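All remarks here apply to the structure that follows.
Remember, it's a predicted structure, so these values are computed and weren't measured experimentally. The sequence lines fix the lettering, A, B, ..., with proteins before strands; numbering per chain opens at 1.
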Amino acid sequence: MTAYKSDFLKILSDRGFIYQTSDDAALDKLFDTETVTGYIGFDATATSLHAGSLIQIMMLHWMQQTGHRPITLMGGGTSMIGDPSLRDEARKLLTPDDIETNLVGIRQSFSSYLKFEEQGGNALMVNNADWLMDLNYVKFLRDVGQHFSVNRMLSFDSVKLRLDREQSLSFLEFNYMILQAYDFVELSKRYDCRIQMGGSDQWGNIINGIDLGRRMNNASLFALTSPLLTTSSGGKMGKSASGAVWLNADKLSVYDFWQYWRNTEDADVERFLKLYTTMPLDEIAKLGALQGAELNEAKKILATEVTALLHGREEADKASETARVTFAEGQTASDLPTISVPAAELDAGIGVLALMVQADLAKSNGEARRSIKGGAVKLNDQPVSDEKLMVDSSALVNDGALKLSFGKKRHVLVRKG
RNA sequence: GGAGGGAUUCCCGAGCGGUCAAAGGGGGCAGACUGUAAAUCUGCUGCAUAUGCUUCGGAGGUUCGAAUCCUCCUCCCUCCA
C-alpha cells in the first residue's frame, strides 16, 4: 500500500478497510483537495441491517468524520423486483409499503453512525426507486444499453461462476449490474457523487458504473472496495446463535449484541477493533498484543466500544455490567433480556417447553425438548432434566423473576406481567 | 422446434417400490475441555408426542405400500436446429 496523504484514505488503509481502489493516486488527491461525495448501496429487504453491513457503514462514518459527504443508497427499486438468485419459487415480492417500512427501520440504525440533515450533518439517504421505477425501457436501452458489451458482461466473475457451475442466471439478474451501474451515474449527476464503495464482490459492478459514467457523461468516477469479511475460522460475519446480528434494538437486544462481539475469536480481536471501533490505533495495538486469557479484556472493550457506537455509551456500559454480573459473579443480573408472562398463566403453571419457546430460546417445543435432553437448559441455574416440568410463580426467586438459561451464554429473565 | 439429463430436508449431495423423516459432508446448536476463544471429541439438527402428523418441484394415477413406477404440468441444464 502506498502512503496516502488524504485523511480519509489514510485512516481506511491503516484500519484495514481497503481491498482495492480504481486509482490510488488520483483518488488520494481527490480526497485531499476536495469535499468528496461517495456512496454505498444497501438492500431494503429487511427492517434492519445486520452486522455484515457494519464495515460498509463504518466506511461512510469515516468519510463524514474526515469532512466528506456520505450517501446511503437504498435499493428500494431493486428490492421491488426481489432477488432472483434464491430460486425457491416466487419469493414474495415486497410492496412499496413494506419497503417504506424497511427504510424507516434502517435509517434508524444509520443515524447512529451518520449525521443526516435533520441532525445537522450532510449525510444523505436516497432511494434508487426514485429514478428506476419510471425508466422507459426503450429509452433506457438506447441511452444506457448501448454502452454495455454482453461479451464483457459474460466475463465478469459474478456471471461466469454461475455459468460455469451450470446454475441458472435470469435475465433479470443479469441486468442487475446494469441497474447498479446506472445508479452510480445517476448519483454522480444528481449529487456530484464521485466514488462508490462496497465489498470486494461488488468490484465488477462498481467498475461498470465508472465506465458507464465516462461514456455517458465523461465523468471521472472512482471505486473503493473493502475485503470480504469472514471470521478467522471462516464463518460469515453477522450470524450468531439466534440468527442474524441485527443492528436495531427491537430485533436484537443490546445485551445480545454486546455478547456477539464479546465472543469474538482471539485471532479476530485486533482486526475487529480497527474496523468496528473508532479507538486510536496505538491503543488497539496494545490491546491486540495481549496474550491468552488476557485477550478477554480486549474482547470486552471491543464489545463495549462497538455497542456504544450503535446504541450509545450508557446502553453499552449497562450491557457490559450485566455480562460481568452474569459471568464473573455468576449472579443473576436484572438487566438480562426479559420476557413477561401473564400473571394468571404463570400462577397456573406453564410448561418449560412452552416457556423456552416464549423466551425465544427455542424455535419449537421439539427443539426445546431436545435441548433439555442434551442438558443445555437450566432454570435458576439448576439443570432441567424433566421436559414436562411445570413452572409456576414459586420459581420467581430473584427479585420477582426467574432465570431461564440455554447453554452457558444465553439467559432470559421471566417476569410476571 | 428436436434429442437427452435434472429438480431431495438450511446448503452440497446419496437414495431408484417396503427395513426412509430419508446415507454422507458442510453449516448451525448443545455437552466435555477451556479463557463467555480456537482446535478436538461427543450428542442433537421436520412438527407434535407413548407406536401420530406433514415432507423429497406441482397435480393426478398404479400399488396393501412411492422420494423411488406411470401421466400431465412447471422450472433448470446440455447438445442439435
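For A/Q180 and A/Q202, the side-chain atoms include at least one donor-acceptor pair closer than 3.5 Å. A/S320 and A/D317 share no donor-acceptor pair across their side chains, judged by distance under 3.5 Å alone.
Counting to the nearest Å, the P atom of B/U36 and the OH atom of A/Y255 are 12 Å from each other. Computed from coordinates, the A/L302 CG to B/A37 C1' distance equals 13 Å when rounded to whole Å. In this structure, NZ of A/K408 is placed 11 Å from P of B/G35, rounded to the nearest angstrom. Rounded to an integer number of Å, the gap from CZ of A/R262 to C1' of B/A37 is 8 Å. Atom P of nucleotide B/A37 and atom CD of A/E265 are separated by 11 Å, given to the nearest angstrom. Atom-to-atom, CH2 of A/W258 to P of B/U36 comes out at 12 Å; the value is rounded to the nearest Å.
Pair assignment for B/A50: none, as no Watson-Crick or G-U wobble contacts are both less than 3.5 Å. The partner of B/G57 is B/C73, by the rule that a Watson-Crick or G-U pair needs both atom distances under 3.5 Å. For B/A14, there is no paired base (Watson-Crick or G-U wobble, both distances below 3.5 Å). Nucleotide B/G65 is matched to nothing when pairs are restricted to Watson-Crick or G-U wobble geometry with both distances under 3.5 angstrom. Searching all strands for a Watson-Crick or G-U wobble partner of B/A3 with both distances below 3.5 Å returns B/U78. Base pairing analysis places B/C41 opposite B/G31; the two distances defining the Watson-Crick or G-U wobble pair are each below 3.5 Å. The base-pairing partner of B/U9, taking Watson-Crick or G-U wobble contacts with both distances under 3.5 Å, does not exist among the strands shown.
Across B/G15 and B/A67, the matching C1' atoms stand 8 Å from one another, rounded to whole Å. For the C1' atom pair drawn from B/G35 and B/G13, the interatomic distance equals 38 Å after rounding to whole Å. Using C1' as the reference atom, B/U78 and B/U68 are 25 Å apart when rounded to the nearest Å. Rounded to the nearest Å, the gap between the C1' atom of B/A21 and that of B/A14 is 15 Å. For the C1' atoms, the distance from B/U55 to B/C47 is 10 Å, rounded to whole Å. Of the P atoms belonging to B/G43 and B/G24, the separation is 11 Å, rounded to the nearest Å. On the C1' atoms, B/U40 is 12 Å away from B/U34, given to the nearest whole Å. One C1' atom belongs to B/G57, the other to B/C53, and the distance between them is 22 Å to the nearest Å.
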- request: Could you please spell out the steps behind the ring pair (Phe, Tyr, Trp, His ring centres under 6.0 Å) verdict for A/F257 and A/W246?
  value: CA-CA 8 Å; A/F257 184 80; A/W246 301 107; over 10 Å; no

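Considering only residues two or more places apart in sequence or on other chains, A/F8 meets the ring pair (Phe, Tyr, Trp, His ring centres under 6.0 Å) condition with A/F31. Residues satisfying the salt bridge (charged side-chain N to carboxylate O under 4.0 Å, His left out) criterion with A/R190, sequence neighbours excluded, are A/E186. With sequence neighbours excluded, the residues satisfying side-chain contact (heavy atoms from CB on, under 4.5 Å) with A/S149 are A/N151, A/R152. Under the ring pair (Phe, Tyr, Trp, His ring centres under 6.0 Å) criterion, A/F148 pairs with no residue, sequence neighbours left out. With sequence neighbours left out, the side-chain contact (heavy atoms from CB on, under 4.5 Å) criterion links A/E118 to A/R107, A/F116. Annotation: side-chain contact (heavy atoms from CB on, under 4.5 Å) contacts of A/D28 (sequence neighbours excluded): A/Y4, A/K5, A/S6, A/L9. A/Q65 is linked by a side-chain contact (heavy atoms from CB on, under 4.5 Å) to A/H61, A/W62, counting only residues two or more places apart in sequence or in another chain.
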Please output the side-chain donor-acceptor pairs of residues 304-312 of chain A that fall under 3.5 Å, not counting sequence neighbours, one pair per line with the distance.
{"residue": "A/T304", "atom": "OG1", "partner": "A/W258", "partner atom": "NE1", "Å": "3.0"}
{"residue": "A/T304", "atom": "OG1", "partner": "A/K300", "partner atom": "O", "Å": "2.9"}
{"residue": "A/E305", "atom": "OE1", "partner": "A/R313", "partner atom": "NH2", "Å": "3.4"}
{"residue": "A/E305", "atom": "OE2", "partner": "A/R313", "partner atom": "NH1", "Å": "3.0"}
{"residue": "A/T307", "atom": "OG1", "partner": "A/A303", "partner atom": "O", "Å": "2.6"}

Anything under 3.5 Å between a donor and an acceptor, one on a side chain of residues 374-385 of chain A, the other on a protein residue two or more places apart or in another chain? List them.
{"residue": "A/N380", "atom": "OD1", "partner": "A/K403", "partner atom": "N", "Å": "2.8"}
{"residue": "A/N380", "atom": "ND2", "partner": "A/A395", "partner atom": "O", "Å": "2.9"}
{"residue": "A/D381", "atom": "OD1", "partner": "A/K403", "partner atom": "NZ", "Å": "3.3"}

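Note on A/T326: nothing from the nucleic acid sits closer than 4.0 angstrom, heavy atoms only.
Of the listed residues (A/M197, A/M58, A/K274, A/Q56), just one forms a side chain to side chain contact (heavy atoms under 4.5 Å, CB included) with A/F17, and that residue is A/M58.
The nearest heavy atom of RNA chain B to A/N263 and to A/F406 marks one nucleotide each, and the one closer to the 5' end goes with A/F406. The nearest heavy atom of RNA chain B to A/R324 and to A/G375 marks one nucleotide each, and the one closer to the 5' end goes with A/G375.
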- prompt: Can you give one letter per nucleotide of nucleotides 47-55 of chain B, 5' to 3': B if a protein heavy atom sits under 4.0 Å from the base, S if only from the sugar-phosphate, - if neither?
  reply: SSB------

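Residue A/K409 has its side chain nearest to B/U36 when only B/U36, B/A30, B/G35 are considered.
Within the 3.5 Å criterion, the main-chain N or O of A/K251 finds no donor-acceptor partner in the side chain of A/N248.
For RNA chain B, no neighbouring residue in residues 309-322 of chain A is found when judged by any heavy atom under 4.0 Å. Residues from residues 285-300 of chain A placing a heavy atom under 4.0 Å of any atom in RNA chain B, listed by number, are A/G292, A/A293, A/N296, A/K299.
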